Engineer: 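Can you keep this structure in mind? I'll have questions shortly.
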Amino acid sequence: MKLYGTRGDISHFQCPMLQSFIKNVWIPMKPYYTKVYQEIWIGMGLMGFIVYKIRAADKRSKALKASAPAPGHH
Amino acid sequence: MNENLFTPFSAPTILNQPATIPIILFPTLLILTPKHPINNRLATIQQNLTRFTLKQMMMTHNAKGQTWSLMLTSLITFTATTNLLGLMPYSFTPTTQLSMNLAMAIPLWAGTVMVGLRFKTKNSLAHLLPQGTPTPLIPMLVAIETISLLIQPVALAVRLTANITAGHLLMHLIGNTVLALSTTNLSMALLASTLLVLLTILEIAVALIQAYVFTLLISLYLRNNT
C-alpha cells in the first residue's frame, strides 16, 4: 500500500483503495446513507442491541451451568 | 453420511475458518454492473428484469416511499439469488439461518415504523385502532394491534426461514429415499425420483415467491407509513 506521495513537492497520506472506495461507493450513496436510511440505521442499532442481549444471556447461562454442574439426570 | 438431518444447515467452514461472509457476498459476483448505455444481451436481460421488478413494486408508492427503491430492489435481488443458489447440491443457503433473516427483517421493519412515527405520527398511531371499534373493546384491541405490529419482523424472518429450510429438508429426505430404494425396489425409486423432480420445480418457485413476499410485505409496511 502506497502510503506517501512519491512526488518531492507533496507529502501527503495516500491510500488508493480508500480513495477508490470514496469515489465509487461513498459519493454516489451519500444521500442514501445520510438522509434516506436514517431510520434503518436506528433499526440496525435496535437489532444490534437485541443481538447483544441474546449473546449476554447465553454467556450468563453457560457460565451458570459451568459453575454449578447439575447432578445426573434420571 | 450426515450425522443428523440438520447437518447441511450448519455454518460452513473453510480450513476451520467461518466461510459465511464470503458465501453471503457471493451473489454480488453474479450480478453484472453494466456501464454502457447499450449493453450485451445478458446485461440487457438483467436490466429489463430489474426495471420490471422496480416498476411493479414502486408504482403504488408516493415520493417518500420511492426513496426506498434501491433498498427494496437490492433486497429482492439478493434474497432471490441466494435462495436459487441454495438449490444447488452441497451449497449453503444463508436464508435458512434465522439469525440472518432476523438481521434483514428487524432493521427494515423498524425503519418503516420509524418513518411513519417521524413523518406521520398521528396516522401511524391511528393504525393501532381499527375503525368502527366499540368503545369497551378499545383497550383490548389497541393491545392486540400493538402485539400484531411487534410480531411483524418475527413473522417475516420465520416465514422465510421455515419455507426454505422445509423445502431443502424435504429434498434431502426424498433424495435419500430414492437412493435407498434404488437397490431394492426400482419402480418405487423411479416414482420417488419423479416426486423429487416435481419438488425441485416447486422449490425453484418457492425460492422466488418467498423473496417476493418478503420484499412485498416490507413495501406494504412502508406504504402504510408514508
Side-chain angles (χ1 to χ4, degrees), chain A residues 1-3 5-7 10 12-74, chain B residues 20 25 28 33-35 54 58 61-75 78 97-121 124 149-154 156-158 214-215 217-219 221-226:
Chain A
M1 185 169 72
K2 201 169 69 161
L3 286 175
T6 49
R7 285 174 51 188
I10 49 167
H12 56 264
F13 187 75
Q14 268 193 3
C15 187
M17 214 155 80
L18 184 64
Q19 282 170 352
S20 157
F21 176 82
I22 290 173
K23 182 177 146 224
N24 293 320
V25 178
W26 175 252
I27 288 176
M29 292 294 288
K30 191 171 159 198
Y32 288 97
Y33 291 157
T34 50
K35 293 196 200 106
V36 180
Y37 297 161
Q38 283 171 354
E39 293 88 8
I40 297 181
W41 293 125
I42 299 175
M44 279 178 73
L46 171 69
M47 184 197 69
F49 177 69
I50 292 171
V51 166
Y52 163 72
K53 278 292 193 195
I54 292 175
R55 271 206 180 140
D58 187 41
K59 210 192 272 186
R60 208 172 30 238
S61 87
K62 282 199 173 121
L64 207 65
K65 272 193 196 142
S67 68
H73 295 281
H74 297 288
Chain B
T20 327
L25 293 175
T28 53
T33 47
K35 289 180 172 47
L54 178 68
M58 306 311 292
H61 281 87
N62 57 15
K64 180 91 189 96
Q66 282 177 357
T67 55
W68 280 50
S69 307
L70 184 61
M71 176 59 79
L72 293 175
T73 319
S74 315
L75 181 67
F78 170 72
Q97 310 297 311
L98 185 64
S99 52
M100 158 101 176
N101 295 333
L102 276 172
M104 285 199 300
I106 291 179
L108 291 171
W109 164 82
T112 58
V113 167
M114 265 173 249
V115 161
L117 286 173
R118 186 178 170 190
F119 295 107
K120 284 190 170 181
T121 319
S124 63
L149 178 73
L150 294 173
I151 219 117
Q152 278 171 355
V154 178
L156 273 173
V158 169
F214 193 97
T215 315
L217 282 169
I218 301 261
S219 156
Y221 301 153
L222 182 68
R223 204 176 336 149
N224 287 342
N225 285 303
T226 51

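In what follows, every chain begins at residue 1, and chains take the letters A, B, ... in the order their sequences are listed. Note that the structure is predicted; figures quoted are calculated from it, not measured.
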Engineer: What residues of residues 30-40 of chain A sit under 4.5 Å from chain B when you count only heavy atoms?
Structural biologist: A:Tyr32, A:Val36, A:Tyr37, A:Gln38, A:Glu39, A:Ile40
Engineer: Where along residues 46-61 of chain A does a heavy atom come under 4.5 Å of chain B, listed by residue number?
Structural biologist: A:Leu46, A:Met47, A:Ile50
Engineer: Under 4.5 Å heavy-atom distance to chain A, tell me which part of B:Leu117 shows up: side chain, backbone, both or neither.
Structural biologist: neither
Engineer: Considering residues at least two apart in sequence or located in another chain, which fulfil the side-chain contact (heavy atoms from CB on, under 4.5 Å) criterion with A:Ile42?
Structural biologist: B:Met114
Engineer: Take atom CE in A:Met44; do more than 12 heavy atoms of anything else shown fall under 6.0 Å from it?
Structural biologist: no
Engineer: Kindly write out the residues that satisfy side chain to side chain donor-acceptor pair (under 3.5 Å) with B:Gln97, not counting sequence neighbours, or none if the list is empty.
Structural biologist: none
Engineer: Please determine, among B:Pro107, B:Gly111, B:Ser99, the option with the most heavy-atom pairs under 4.5 Å with chain A.
Structural biologist: B:Pro107
Engineer: Which heavy-atom pair separates A:Gly43 from B:Ala110 by the least distance, and what is that distance?
Structural biologist: CA-CB, 3.7 Å
